[in-house]
2 protein chains.
Amino acid sequence: MTTVWKSIADTLVSEIEQGHYPAGSRLPTEAMLAERFGVNRHTVRRAIGHLRTEGLVYSRRGAGVFVLPQPVAYPLGRRVRFERNVLAAGQTPSRRLLMLESRRANDAERSALQLPTSAMVHVMEGLSFADEQPIALFRSAFPAKRFPELPKQLRERLSVTQAMQASGVSDYFRVSTKLTAHLATPVQANLLRLSAGAPLLRSVSVNADQAGQPVEYGRTWFSGERVSLFIEDEG
Amino acid sequence: MTTVWKSIADTLVSEIEQGHYPAGSRLPTEAMLAERFGVNRHTVRRAIGHLRTEGLVYSRRGAGVFVLPQPVAYPLGRRVRFERNVLAAGQTPSRRLLMLESRRANDAERSALQLPTSAMVHVMEGLSFADEQPIALFRSAFPAKRFPELPKQLRERLSVTQAMQASGVSDYFRVSTKLTAHLATPVQANLLRLSAGAPLLRSVSVNADQAGQPVEYGRTWFSGERVSLFIEDEG
DNA sequence: TTATCACAGTTGTCTAGTTGTAGATTTATT
DNA sequence: AATAAATCTACAACTAGACAACTGTGATAA
């Protein structure tokens, strides 16, 4: 015995899957859907509530119900490139810069980047989006001595790859990646538009140039819901 | 020798036939009827269940029990016009718009309307009523290129014939009609106020202008109980 | 240009009422 | 005693309406 709200939920799911309502778009209002399906608004709400728990949509009071993009498959391999990864998943990448500063390296940064004591690093913090949907929070440290112009370049282009090239590093490679699971702090949850305490995947990684010299020490917090990391074959 | 619920059913039938509860009106709630007849609610339910199988009333969970009007005779011929048909049956036609959108035509629509690949169509979905009683669910596709203003016109007038005229098609004719029988999905049943799994008559049709150019590809689901389709003589 | 405000539209929440369903129990009929 | 009819109880599912909380937009004023 199927209930009305379930069949409405099924209809909406199939319409979303057929691209009828593309990712990021707004569903018709609850009132319109109620009219269309010939039911009370509460019944539509129950169907939408189901889609919400399935992670297909999210709703904002006063604004509407919006279609969520499906989780991005994010390959971790020898070459990890944000834009390429998101594009390969069929979504549109973008970034937002939250902070950019230069300061003394802390212990972890010195160790990872093989820097002498009291060396300076440029630190960039930002958000990564796929189709307007925040998928990760990142904080990267670069050796300041080697890349004196990096802050300007990052500010202009926002792409690590391009900024590196402008600083003479034509290519770079992932030399280590450590993954752990964490719960989102309130600040992180807010930035990633998750509920506080949502699960995050934390990646701590080092990239190095062709000579093996470390050029970036990065920490990234991926939304566990929206990203599925996978290890690429090293072909 | 007669049971309690049967006599209650008889009483209700005669009251409906005497116009005590006119078509479309709501019966008193089961609780009130139980009170009135001095019986348990379930006994009233059994009587109402009988009226329902007789096609005299229909009930909507949470809303109440409503009196049904009689079925409509619907002629299918060279000129099929909803309003004319229902008026000819002595009832009052009306329509409700459920959805109106423009999108890429799918295969069936492209083929029926003789459109090139990736052509756009306007799609209208709605309900047809005779005397406030839903008799059919329809979904029509129109070539968007030829009728750029159609959505506005349909929204204003809700009459295909009038919208066509406003777009320069003074008259149109049925060029093909295919009929099949289907069972109502839960959503369809709900919209037509039928029980799920009720039989529907599905008509897939194409209308064309005087030059023979297809102008509408329509699918209509008629309630098998409330409509009897008949083929008109082509005089 | 910027800030503020008003307003309509949308989702969130609550209360109350109605029909649908399931099961157990009592009462009437044969 | 057996069986059918009716009762009783309790929820589940849906409707109906009202109001609160919030968003987005456009108008107005500084």
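Chain letters run A, B, ... following the sequence lines, proteins first and then strands; every chain starts at 1.
- Projected onto DNA chain D by closest heavy-atom contact, V4(A) and N40(B) fall at different nucleotides, the more 5' of which corresponds to N40(B).
- Side-chain nitrogen and oxygen atoms of W5(A) include none within less than 4.0 Å of the OP1 or OP2 phosphate oxygen of dA13(D).
- Counted by atom type alone, R52(B) and S59(B) present one or more donor-acceptor pairs between their side chains at under 3.5 Å.
- Look at CZ on F37(B): it is 14 Å from P on dA6(D), rounded to the nearest Å.
- Using a 4.0 Å cut-off between charged side-chain N and carboxylate O, R193(B) and E225(B) make no salt bridge.
- When rounded to the nearest whole Å, the span between NZ of K6(B) and C1' of dA5(D) equals 11 Å.
- Contacts between residues 44-59 of chain A and DNA chain C, defined by a heavy-atom separation below 4.0 Å, involve R45(A), R52(A), S59(A), listed by number.
- For the residue pair S159(A) and E83(A), no side-chain donor N or O sits within less than 3.5 Å of a side-chain acceptor on the partner.
- Listed by first and then second residue, the ring-ring contact (aromatic ring centres under 6.0 Å, His included) pairs that reach into residues 29-69 of chain B are W5(B)-H50(B), Y58(B)-F66(B), sequence neighbours excluded.
- A cation-pi contact, defined as under 6.0 Å to the ring centre and within 45° of the axis, links R95(B) to F138(B).
- Under the rule for a side-chain contact (heavy atoms from CB on, under 4.5 Å), the partners of V4(B) that lie at least two apart in sequence or sit in another chain are I8(B), V39(B), T43(B).
- Minimum atom distance to the side chain of H42(B) is reached by dA22(C), of the listed dC14(D), dA22(C), dG17(D).
- For E156(A), there are no salt bridge (charged side-chain N to carboxylate O under 4.0 Å, His left out) partners at least two apart in sequence or on another chain.
- Using a 4.0 Å cutoff on non-hydrogen atoms, the parts of residues 25-36 of chain B near DNA chain C are T29(B), E30(B), ordered by number.
- At least one test fails for R110(B) against the ring of Y217(B): distance under 6.0 Å to the centre or angle within 45° of the axis.
- Side chain to side chain, E101(B) and H20(A) meet the donor-acceptor criterion of an N or O pair below 3.5 Å.
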Short heteroatom pairs, N/O only, protein and nucleotides 23-25 of chain D, under 3.5 Å:
residue, atom, partner, partner atom, Å
dT23(D), O4', G62(A), O, 3.4
dT23(D), O3', R60(A), NH2, 3.1
dG24(D), OP1, R60(A), NH2, 2.5

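- Looking at R226(B), its side chain does come within 3.5 Å of a backbone N or O of L192(B) through a donor-acceptor pair.
- Counting only distance, with no hydrogens or angles, the side chain of N207(B) and the backbone of E216(B) share no donor-acceptor pair below 3.5 Å.
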